[in-house]
Amino acid sequence: MSTPGPRTLAHASHPSWWRRRLDPDHSLGLRLTLAATATFLVLVPFTLLALLVLGGWAPLHRLDATVTDALHGYALDHPAWVALMRVWTEVFAPMPLRAGALLLVIWLLRRGARRLALWVTTTMVVGGLIGPLLKLLVGRDRPDLLDPVARAVGYAFPSGHALNATLAAGVLLLALLPYAGRGRWRVTLWVAAVLVAVLTGLSRVALGVHWASDVLGGWLLGAAVVAATTAAFTSWRAHTGLRPVRATRDGLAPEVKRDPGAA
């Protein structure tokens, strides 16, 4: 039986980069790789959508126009629906959502969860800055309707309401999951987060102040920002020796419920 040569030994001692990234024994590298992959997979459809908007892709424009015309016709015939959408879009506008996130940050700081409060702040601020910058770069006009039921100023893509609703839903969900237990309260929290993000975005299309693709872009960008900051927080947990968590099941810092100072 031949003795492995130097090249064989070197190969065994230094596995490939891809094997190291997916090695379960190297949990930090594995989790970071999976988190980065998830963020990338969310950013890809957003980037493609933004390129289609910038390029004025005709099929996308026709689809947007069809959805807007249908919802606008419904709105003109149903004033009560318009009133409901106006209330919803004001209650869950970016500023009220940021105020809610600020209250969450204050509550976390009072409990000594400084790093979790920093994560919430970073997520909201990063998303809040990227959104207006992309609006300026894309420069897409809002729908121009003959008989509008609502008005809004500024560029359209991505929807700031959809973006900030997704950010707020994400931070509230991942910060509060440890307090929801494992029963119906967990389901309630998930349903509430999804409804806030989805209905806030839909309200903008229903009122005729955004194209459907604007809202989709806001949802995708918000999800990408939450995924990226969650990956960074997960990396910090691994470096400090805290146990691994599945954020969508346990929240980002499940130990904060027992020992606030740990987060």
Side-chain angles (χ1 to χ4, degrees), residues 46 49 53 63-105 107 120 123-125 127-128 130-132 134-135 140-177 180 184-226:
F46 172 80
L49 181 61
V53 170
L63 178 60
D64 277 335
T66 299
V67 173
T68 295
D69 289 344
L71 290 178
H72 184 58
Y74 184 85
L76 291 175
D77 295 334
H78 298 82
W81 167 254
V82 174
L84 176 62
M85 290 293 97
R86 282 179 173 171
V87 171
W88 186 279
T89 203
E90 291 297 330
V91 171
F92 296 101
M95 289 310 297
L97 291 174
R98 289 166 185 160
L102 177 59
L103 292 176
L104 175 62
V105 167
W107 180 71
V120 172
T123 302
M124 295 300 296
V125 170
I130 292 177
L134 288 174
K135 281 179 180 284
R140 189 188 203 186
D141 291 328
R142 295 176 184 269
D144 185 13
L145 303 173
L146 291 176
D147 190 13
V149 298
R151 296 187 183 277
V153 297
Y155 291 120
F157 184 90
S159 165
H161 277 68
L163 168 60
N164 283 277
T166 304
L167 295 173
V171 299
L172 288 171
L173 177 68
L174 296 182
L176 297 181
L177 267 177
R184 60 183 180 181
W185 289 112
R186 177 182 295 271
V187 175
T188 300
L189 185 58
W190 263 102
V191 170
V194 171
L195 283 178
V196 167
V198 171
L199 291 183
T200 302
L202 292 180
S203 72
R204 307 304 285 167
V205 186
L207 292 173
V209 295
H210 271 295
W211 305 106
S213 54
D214 300 335
V215 170
L216 178 59
W219 287 334
L220 290 172
L221 182 59
V225 172
V226 172

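Note that this is a predicted model, so its numbers are computed, not measured. Residue numbers count from 1 along this sequence.
- Residues S213 and V53 share a closest heavy-atom pair of OG-CG2, 4.4 Å.
- Counting non-hydrogen atoms of other residues, nucleotides and ligands closer than 6.0 Å to CH2 of W185 gives a total of 12 or fewer.
- Heavy atoms only, all atoms of each residue included: A206 and A75 are closest at O-CB, 4.0 Å.
- With rounding to the nearest 0.5 angstrom, the NE2 atom of H161 is 12.5 Å from the OG1 atom of T166.
- What you find for K135 and S159 is that their closest heavy atoms are NZ-CA, 4.3 Å.
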Quiz item: Are V82 and H78 close enough, and set up right, to give a side-chain contact (heavy atoms from CB on, under 4.5 Å), and what steps lead you there?
Solution: CA-CA 7 Å; V82 174; H78 298 82; over 6 Å; no
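- R140 contributes no side-chain N or O that, together with a main-chain N or O of A156, makes up a donor-acceptor pair within less than 3.5 Å.
- Judged purely by atom type and a 3.5 angstrom limit, H210 has no side-chain atom pairing as donor or acceptor with the backbone of P158.
- Side-chain contact between F157 and L134 is absent, with no heavy-atom pair separated by less than 4.5 Å.
- No side-chain heavy atom of L202 sits under 4.5 Å from any side-chain heavy atom of W88.
- Separation of atoms CG (L221) and CG (L216) is listed at 11.0 Å; rounding is to 0.5 Å.
- In terms of modelled atom types and a separation under 3.5 Å, the side chain of R204 and the main chain of T89 share no donor-acceptor contact.
- Counting only heavy atoms from C-beta outward, the side chains of W107 and V120 never approach each other to under 4.5 Å.
- Between atom OG of residue S203 and atom CD of residue E90 there is a gap of 9.0 Å, rounded to the nearest 0.5 Å.
- Of all non-hydrogen atoms in G160 and P94, the two that sit nearest each other are O-CG, 4.0 Å.
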* Please lay out, stage by stage, how V226 and L174 fare under the test side-chain contact (heavy atoms from CB on, under 4.5 Å). => CA-CA 10 Å; V226 172; L174 296 182; 4.1 Å; yes
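- Atom CG of L173 sits about 5.0 Å away from atom CH2 of W190, to the nearest 0.5 Å.
- Proximity of V205 to W211: side-chain heavy atoms (C-beta onward) are nowhere separated by under 4.5 Å.
- Checked by atom type and distance alone, the side chain of T68 pairs as donor or acceptor with a backbone atom of D64 at under 3.5 Å.
- Residue N164 holds its CG atom at 5.5 Å from CE of M124, rounded to the nearest 0.5 Å.
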- Message: Please determine whether side-chain contact (heavy atoms from CB on, under 4.5 Å) holds for the pair L176 and L104, giving the CA-CA distance in whole Å, both sets of side-chain angles, and the decisive distance to 0.1 Å.
- Response: CA-CA 9 Å; L176 297 181; L104 175 62; 4.2 Å; yes
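- In terms of heavy-atom proximity, G127 sits nearest to V225 at N-CG1, 4.1 Å.
- Distance CG/L207 to CG/L71: 10.0 Å, rounded to 0.5 Å.
- Heavy-atom minimum distance, W219 versus V198: CZ2-O, 3.4 Å.
- The local environment of CG in D77 is crowded, with over 12 non-hydrogen atoms from other residues, nucleotides or ligands closer than 6.0 Å.
- In this pair, W81 and Y74 present their aromatic rings perpendicular. The plane angle is above 60°, beyond the 30 to 60° band.
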